[in-house]
Amino acid sequence: MMVKRAAGARLWKCLSVRQPYAWAIMKGAKDIENRNRMSNHIGRLYIHAGKKERTDDVEDCVARVAKHFGVSVSEMLDDYRRHDSRGRGAIIGSVHMFGCARQHESAWFTGRYGYLLRDPKPLSKPIPFKGLPGFFYFTP
């Protein structure tokens, strides 16, 4: 894909993820993102929290994150609600994507492919942006 940008402008590679999963990635609990397409990307990947939430998945996701950190579900639910109130429809941080797997031992792996993630770095202030399906580029 050809991308036009101003000389010297930074270009971020981004991926939209629905809540509560974008939050779980930024917390460092979700170490894999399930997708139907393989990717060869290695390096920083910015996470865009989509505007839509997988409502049926919130309780399970929050419980899994709470278990990961050894804290109460109510504590994590409060954290999620604080984050979610300012983190939808915005780029919320970045992770290091270090591979793509067809099989993985992570409890989060359920897809055809799993993007392997580590080293989350939440942004201090989310950047509002509509987002796009799949990978997309953003110039901050």
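When a residue number appears, it is its place in the shown sequence, counting from 1.
- In this structure, the separation between NZ on Lys121 and CD1 on Ile47 is 14.0 Å, given to the nearest 0.5 Å.
- Considering all non-hydrogen atoms of both residues, Ser16 and Leu132 come closest at OG-O, 3.3 Å.
- Val65 and Ala29 get closest at one heavy-atom pair: CG2-CB, 3.9 Å.
- Residues His96 and Leu117 are not in side-chain contact: their nearest non-hydrogen atoms beyond the backbone lie 4.5 Å or more apart.
- One hydrophobic cluster, built from ILVMFWY side chains closer than 4.5 Å, cannot hold both Met38 and Leu45; they sit in different ones.
- The shortest non-hydrogen separation linking Ile91 to Cys14 is CD1-SG, 3.9 Å.
- In this structure, Asp78 and Glu75 have side chains that are not in contact, with every pair of non-hydrogen atoms separated by 4.5 Å or more.
- In this structure, Arg35 and Leu15 have side chains that are in contact, with non-hydrogen atoms separated by less than 4.5 Å.
- A cation-pi arrangement is present between Arg64 and Trp108, with the terminal nitrogen or guanidinium carbon under 6.0 Å from the aromatic centre and inside a 45° cone about the axis.
- Look at Arg18 and Asp57 and you find no salt bridge, because none of the NZ, NE, NH1 or NH2 atoms lies under 4.0 Å from a carboxylate O.
- Hydrophobic clustering, with ILVMFWY side chains joined whenever heavy atoms are under 4.5 angstrom apart, groups Met76 together with Val58.
- Heavy-atom minimum distance, Pro128 versus Pro126: CD-O, 3.4 Å.
- For Phe135 and Tyr115, the distance between ring centers is under 6.0 angstrom.
- Rounding to the nearest 0.5 Å gives a distance of 3.5 Å between OG of Ser106 and CG of Asp31.
- Ile42 and Gly99 get closest at one heavy-atom pair: CD1-N, 3.6 Å.
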Quiz item: Could you walk me through whether Ser39 and Tyr113 pass the side chain to side chain contact (heavy atoms under 4.5 Å, CB included) check?
Solution: CA-CA 9 Å; Ser39 174; Tyr113 297 99; over 6 Å; no

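- Summarising the geometry, atom CZ belonging to Arg81 is positioned 11.0 Å from atom CH2 belonging to Trp23; distances are rounded to the nearest 0.5 Å.
- Taking hydrophobic clusters as Ile, Leu, Val, Met, Phe, Trp and Tyr residues chained together by side-chain heavy-atom distances below 4.5 Å, Phe98 shares a cluster with Val17.
- Counting heavy atoms from C-beta outward, Ser94 and Trp12 have side chains that stay 4.5 Å or more apart.
- Heavy-atom neighbours of Arg118 CZ from other residues, nucleotides or ligands within 6.0 Å: above the threshold of 12.
- By the 4.5 Å heavy-atom criterion applied to side chains, Asp79 and Lys27 are counted as neighbours.
- In this structure, NE2 on His83 lies 3.5 Å from CD1 on Ile92, to the nearest 0.5 angstrom.
- The aromatic rings of His48 and Phe129 lie perpendicular to each other, with more than 60° between the two planes, well past the 30° mark.
- The structure places CD1 of Ile32 at 10.0 Å from CE of Met97, a figure rounded to the nearest 0.5 Å.
- Between Gly93 and Met26, the closest heavy-atom pair is CA-SD, 3.6 Å.
- The closest side-chain heavy-atom distance from Arg54 to Gln19 is not below 4.5 Å.
- Although no hydrogens or angles enter the test, the distance criterion places a donor-acceptor pair under 3.5 Å between the side chain of His41 and the main chain of Arg44.
- In this structure, Phe136 is a member of the same hydrophobic cluster as Ile127, with clusters built from ILVMFWY side-chain heavy atoms closer than 4.5 Å.
- Looking at Arg112 and Arg102, their side chains never come closer than 4.5 Å, going by heavy atoms from C-beta outward.
- Side-chain contact between Val95 and Asp119: absent, with no pair of heavy atoms (C-beta onward) separated by less than 4.5 Å.
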